[in-house]
Amino acid sequence: MTIAASVAQTYDCRQAFAEELTALARADDRIVAVCNDSIGSSNLVGFRAEFPDRTFNVGIAEQDMVGVGAGLANAGLIPFVCAAAPFLTGRALEQIKADVAYSDVPVVLCGMSPGMAYGELGPTHHSIEDLSWLRAIPNLPVVVPADPVQTRAAVRWAAGHPGPAFLRIGRFKVPAVTPPDAPFELGRGIQLTDGDDMTVIATGTMVSRALAAAEQLRTEGAAIRVLNMPFVDPLDTAAVLDAARTTRGIVTAEEATVSGGLGAAVASLVAQHHPVPMRILGVPGVFAPTGSTAFLLEHFGLTANGIARAARELLDR
Amino acid sequence: MQMLNADPVTATEWRSRRTRLATSTPPQRAAELGKVATDLRRTVLRMIERAGQGHLGGDFSVLDILTTLFHGVLNVDPERPHWPDRDRFILSKGHSSAALYATLASCGYFPRAELDTFMAPMSALNGHPNRTKVPGVETNTGPLGHGFPVAVGCALAARLQSSARRTVVVLGDGELQEGSNWEAAMAAGHHELSALTAVVDRNRLQQGARTEETNRLDPLPDKWRSFGWEVREVDGHDYRALVSTCTESTTGRPVVVIANTVKGKGVSFMEDRVEWHHKVPTADQVRAALVELGR
């Protein structure tokens, strides 16, 4: 695998999300969309044109939006509740916990433009806490697709999943890295490259960068295993523990705070079952400075070079 | 844990009472609902005495509303709690769970004996209702301001599915201080959800003080009207009036029934006293209360 983020064609995953959702809705009239005045930013223009009666725009009211989703699911419908990730998860966190996860209704929560996709708009509009907040809630798979291929698979999977789920739908453009025949199953990661020197576990926007880092390190003679982890929760514990047992260390990379996300999940697992050296890459406990998404990812070392540097530190131990 | 199962004997009794009430005169109907409610108050008192915790004041203010809805208004079937075209009922003030559980058991949703487990370890009857364990519960409530948006979703779904089923949500008055309710009220008004009825248990007390001293709700009818609702005011302990006001909308707008109630209703020393929000009665107080409740 020799995909480098800088040269490959890149995609806004919201497009794949909208196309897949609309295609599914044509075949299944239980599928409905709910949003908070985010028809445009959630890419629901086409869905609404085709299914006006099945599109519920509640206005700028996220708590109502998530409750309405739970009420629609109560009737056997499959609501995809779409809003910018920071407002969906931050404003309506208690509704996500009580009305959706604890009530166990099949609402698909779609956090659009997550992470630092709204770069210059600042930390109010960044959603870097969502993985930590939602991981702490039982009965809520937390899904972070890496590219348009995986986004489509995630949408199909969520529509058929009998319980609630959270999908993080990226806006920041990424290359396609998922093999078309890759499986997509609850709690299952995908191994993209083989290697027994070091493992990089990445999710979302970091997956293509992890592959680029692995390629850099390969030229230096190190064999890197890259695991794409679309499920931050439930974690693919078998794949993580195998990495801990058969490689020399683990680097994790996520466009999220390091407090409680993918890296924390991996660390908690390996610390208890098979401790290995780790580096956890993400946003440290700070509010991001002003800058574009690309700038901020660079600023926090969430790049191929940053991932390669962390892996080298572990290899040199 | 498995969902509790229906009690067919009680459900059959409930069904015959429903049939009887449908053809009774309004005074007969009121008298029979009154008997049911008095039994339920005694049941709730014993549940809370046994559990050593609970929310008696709000249980007693909402009990006549719950009795009227389940024994006289809602189109439900306790033996088929997931029947798709059932009316949806949501108790948004989930802390009145003892009143809800006693009412559901009186309809046969689950055996009355289960009420003895209220808040006991591993009981299905948590301090706040759980839809995955208790038939008749549509959504898990407890934190205030949650049930109403879900009810709006239920009403939107009924419209999409061309079903005539109604959605009824019971709200506490103090609960209306939560902003999420007004998001829901605005949405229901905007969509003219005429099959949605909100009943406000207007007992004018919240946990710590009077509502009007804490964060004023009045003029409450004007607030609802301005959100596009048809407003009906009623004595929340008058069965006859409750039956006639909890009817469907005639204006094409959603209906709010502002039910003026008394917190702790039925026991003189609890009535309209803020401390009975979640105070637990002593054995002597339970005896005195039971005497007042006709035993």
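Chain identifiers are assigned alphabetically (A, B, ...) following the order of the sequence lines, protein sequences preceding nucleic acid strands; residue numbering begins at 1 within each chain.
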Rounded to the nearest 0.5 Å, what's the gap from [atom1] on [X] to [atom2] on [Y]? Could you check?
{"X": "D64(A)", "Y": "N181(B)", "atom1": "CG", "atom2": "CG", "result": "9.5 Å"}
{"X": "M65(A)", "Y": "E183(B)", "atom1": "CE", "atom2": "CD", "result": "9.5 Å"}
{"X": "R131(B)", "Y": "D99(A)", "atom1": "CZ", "atom2": "CG", "result": "11.5 Å"}

Within a radius of less than 6.0 Å around [atom1] of [X], do more than 12 heavy atoms belonging to other residues, nucleotides or ligands occur?
{"X": "H190(B)", "atom1": "NE2", "answer": "no"}
{"X": "L186(A)", "atom1": "CG", "answer": "yes"}
{"X": "R91(A)", "atom1": "CZ", "answer": "no"}

Restricting to non-hydrogen atoms, name the atom on [X] and the atom on [Y] that form the minimum distance, rounded to 0.1 Å.
{"X": "L77(A)", "Y": "A157(B)", "answer": "CD1-CB, 3.8 Å"}
{"X": "G153(B)", "Y": "L72(A)", "answer": "O-CD2, 3.5 Å"}
{"X": "G145(B)", "Y": "Q95(A)", "answer": "O-NE2, 4.3 Å"}

Where on [X] is there a heavy atom nearer than 4.5 Å to chain A: the side chain, the backbone, both, or neither?
{"X": "Q161(B)", "answer": "side chain"}
{"X": "L156(B)", "answer": "both"}
{"X": "A184(B)", "answer": "both"}
{"X": "R165(B)", "answer": "side chain"}

Which residue in the set N139(A), D104(A), V105(A) passes side chain to side chain contact (heavy atoms under 4.5 Å, CB included) when paired with T132(B)? D104(A)

Would you say E94(A)'s side chain and P143(B)'s backbone share a donor-acceptor pair under 3.5 angstrom? no

Say whether, by atom type as modelled, one donor and one acceptor occur between the side chain of N140(B) and the main chain of Y102(A) under 3.5 angstrom. yes

Could you look at V32(A) and say if it's the side chain, the backbone, both or neither that has a heavy atom under 4.5 Å from chain B? side chain

Non-hydrogen side-chain atoms of V150(B) and N74(A) separated by less than 4.5 Å: no

Go through A92(A), A61(A), G69(A), G71(A) and name the one with the most non-hydrogen pairs under 4.5 angstrom from chain B. G71(A)

